[in-house]
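Let me begin by presenting the structure, written as structure tokens, before commenting on it.
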Amino acid sequence: MSTNLDKGAPAPTRGPRPMVKAEDVCKSFGPLEVLKGIDLEVAPGEVACVVGPSGSGKSTFLRCINHLEKVNAGRLWVDGDLVGYREKDGKLYELRDSEVALKRRDIGMVFQRFNLFPHMTAAGNIMEAPTQVKGQSKPEARARAQLLLHRVGLADKADAYPAQLSGGQQQRVAIARALAMDPKLMLFDEPTSALDPELVGEVLDVMRGLAEEGMTMIVVTHEMGFAREVGDSLVFMDDGLVVEAGHPREVLTNPRHDRTKAFLSKVL
């Protein structure tokens with residue numbers, strides 16, 4: 001296992017370029033190793049569902065993809081670009097915060113908790129990043145917010161504040177907010193885990209729609225039905241490693257590894 005970020009390893013060029021490529025990605029918090037060498041590829045337009053027990057490193061891996069967490073070793077590419085670094089003469093140099101923020105615009109992320117600004121309306125939450133980061137005019141951003149709210153089934157909630165919305169509605173606004181930046185990749189970190197059971201379906205329906213439109217998505221989830229129905233691949237993580245990966249129906253019905261079998265026996 002590599003532990004040297006400076007080790008030269010150019011992104012592969014054979015075949016179609018992956019939207020996401022992870023090579024031996026490691027992440028520690030002090031003495032705690034959370035990711036112990038993740039290798040993974042996600043193709044453009046693919047929906048990759050990531051499952052596993054709590055503490056297996058799923059959320060940390062997502063946060064590394066958009067450089068909310070810095071990797072300690074290994075490399076990550078999004079659409080051919082190194083995440084958080086540039087390479088020169090076989091060495092990696094960390095990007096400035098402004099450069100990281102510029103690249104992060106291409107990656108939308110939806111969290112377990114909705115993280116909406118409570119003092120802003122649904123439309124205001126969606127307009128904030130396009131006006132502040134992209135420099136869109138308020139009328140343009142407002143029109144785009146209205147289109148996105150319609151897309152997630154909330155066309156009549158533009159002027160509602162988060163406290164006036166259900167959890168499922170807030171999460172759909174959060175998805176619309178991420179889409180407002182026109183990302184090439186969407187990351188979902190257990191987007192339904194904080195919702196009452198009867199509200200889960202409305203959020204998954206929006207995600208199904210994104211998948212049908214060809215959005216590249218990495219979804220950390222416990223919704224095995226969604227993974228089976230919508231996912232192109234299913235990745236099982238445990239103890240900071242990818243234990244098994246393959247087509248969702250194959251992994252769910254015929255897991256190869258004992259650890260995968262034990263996990264699925266508890267959740268299916």
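Numbering starts at 1 and runs along the sequence shown.
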Problem set entry | Pair Thr131, Gln136: side-chain N/O donor-acceptor within cut-off below 3.5 Å |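 No pair is found: no donor N or O on one side chain lies under 3.5 Å from an acceptor on the other.
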
For this session: Applying ring pair (Phe, Tyr, Trp, His ring centres under 6.0 Å), name anything that partners Phe263, two or more places apart in sequence or on another chain.
Result: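 If we apply the ring pair (Phe, Tyr, Trp, His ring centres under 6.0 Å) test to Phe263, skipping adjacent residues, the hits are Phe236.
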
Problem set entry | Contacts of type salt bridge (Lys or Arg N to Asp or Glu O under 4.0 Å), residue Glu94, not counting sequence neighbours |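 If we apply the salt bridge (Lys or Arg N to Asp or Glu O under 4.0 Å) test to Glu94, skipping adjacent residues, the hits are Lys70.
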
Just by modelled atom types, is the [Y] backbone N or O under 3.5 Å from a matching donor or acceptor in the [X] side chain?
X	Y	answer
Arg104	Asn66	yes
Ser28	Pro31	no
Asn125	Leu116	no

Establish whether [X] and [Y] are linked, either directly or via other cluster members, by ILVMFWY side-chain heavy-atom contacts under 4.5 Å.
X	Y	value
Phe111	Ile218	yes
Val20	Leu62	yes
Val50	Ile107	yes
Val235	Leu268	no
Val47	Val203	yes

Counting only pairs under 3.5 Å, give me each side-chain donor-acceptor contact of residues 160-168, with atom names and distances, residues two or more places apart or in other chains.
residue, atom, partner, partner atom, Å
Gln164, OE1, Tyr161, N, 2.8
Ser166, OG, Gln169, N, 3.1
Ser166, OG, Gln169, OE1, 3.4

Which atom pairs, donor and acceptor, lie under 3.5 Å between side-chain atoms of residues 177-190 and protein residues at least two apart or in another chain?
residue, atom, partner, partner atom, Å
Arg177, NH1, Asn115, O, 2.9
Arg177, NH2, Phe114, O, 3.1
Arg177, NH2, Asn115, O, 3.2
Asp182, OD1, Arg144, NH2, 2.5
Lys184, NZ, Asp79, OD2, 2.9
Asp189, OD1, Ser59, OG, 2.7
Asp189, OD2, Ser59, OG, 3.1

For this session: Identify the residue among Ile38, Val71, Val34, Val83 that makes a side chain to side chain contact (heavy atoms under 4.5 Å, CB included) with Cys64.
Result: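 Going through Ile38, Val71, Val34, Val83 one by one, the side chain to side chain contact (heavy atoms under 4.5 Å, CB included) with Cys64 is satisfied by Val71 alone.
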
Problem set entry | Contact list for residues 201-222, test salt bridge (Lys or Arg N to Asp or Glu O under 4.0 Å), sequence neighbours left out |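 Counting only pairs at least two positions apart or across chains, the salt bridge (Lys or Arg N to Asp or Glu O under 4.0 Å) contacts touching residues 201-222 are Arg151-Glu213, Arg172-Glu202, Asp205-Arg208, Arg208-Glu229.
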
For this session: Sequence neighbours left out, what pairs pass salt bridge (Lys or Arg N to Asp or Glu O under 4.0 Å) with at least one residue falling in residues 152-164?
Result: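 Passing the test, one end in residues 152-164: Arg142-Asp159.
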
Closest heavy-atom contact between [X] and [Y]?
X	Y	result
Gln146	Ala155	NE2-O, 2.8 Å
Leu35	Val25	CB-O, 3.7 Å
Pro130	Ile126	CD-O, 3.2 Å
Val51	Lys58	C-CD, 3.5 Å
Val100	Gly84	CG2-CA, 4.4 Å
Ala176	Leu148	O-CD1, 3.4 Å

Problem set entry | Verdict with supporting geometry, Val173 and Val152, side-chain contact (heavy atoms from CB on, under 4.5 Å) | CA-CA 8 Å; Val173 172; Val152 300; 5.9 Å; no

Exercise. Would Glu23 and Arg75 count as a salt bridge (Lys or Arg N to Asp or Glu O under 4.0 Å) if you check the C-alpha gap in whole Å, the side-chain angles of each, and the deciding distance to 0.1 Å?
Worked result: CA-CA 5 Å; Glu23 280 189 356; Arg75 297 191 179 200; over 6 Å; no

For this session: Given side-chain hydrogen bond (donor to acceptor under 3.5 Å, both in side chains), test Ser233 with Glu46 step by step and report yes or no.
Result: CA-CA 8 Å; Ser233 61; Glu46 179 179 344; 2.6 Å; yes

Working to the nearest 0.5 angstrom, can you tell me the gap between [X] [atom1] and [Y] [atom2]?
X	Y	atom1	atom2	answer
Lys21	Ile65	NZ	CD1	13.0 Å
Leu234	Asp232	CG	CG	11.0 Å
Cys26	Glu33	SG	CD	7.0 Å
His247	Asn254	NE2	CG	13.5 Å
Leu82	Glu87	CG	CD	6.0 Å
Lys27	Leu76	NZ	CG	12.0 Å

Are there more than 12 heavy atoms of other residues, nucleotides or ligands under 6.0 Å from atom [atom1] of [X]?
X	atom1	value
Lys138	NZ	no
His150	NE2	no
Asp97	CG	no

For this session: Check the pair Val230 / Met207 against side-chain contact (heavy atoms from CB on, under 4.5 Å), numbers first and verdict last.
Result: CA-CA 9 Å; Val230 181; Met207 295 169 64; over 6 Å; no

Flag the pair [X] / [Y] as yes when at least one side-chain heavy-atom distance between them is below 4.5 Å, and no otherwise.
X	Y	value
Glu69	Phe61	no
Met217	Leu210	yes
Pro53	Asp238	yes

For this session: List the steps, then state whether side-chain contact (heavy atoms from CB on, under 4.5 Å) holds for Lys103 with His67.
Result: CA-CA 10 Å; Lys103 290 182 178 293; His67 206 57; over 6 Å; no

For this session: List the steps and the verdict of side-chain hydrogen bond (donor to acceptor under 3.5 Å, both in side chains) for Glu244 and Thr260.
Result: CA-CA 7 Å; Glu244 186 165 350; Thr260 315; 2.8 Å; yes

Problem set entry | Worked check of side-chain contact (heavy atoms from CB on, under 4.5 Å) between Leu204 and Thr192 | CA-CA 8 Å; Leu204 294 181; Thr192 61; 3.9 Å; yes

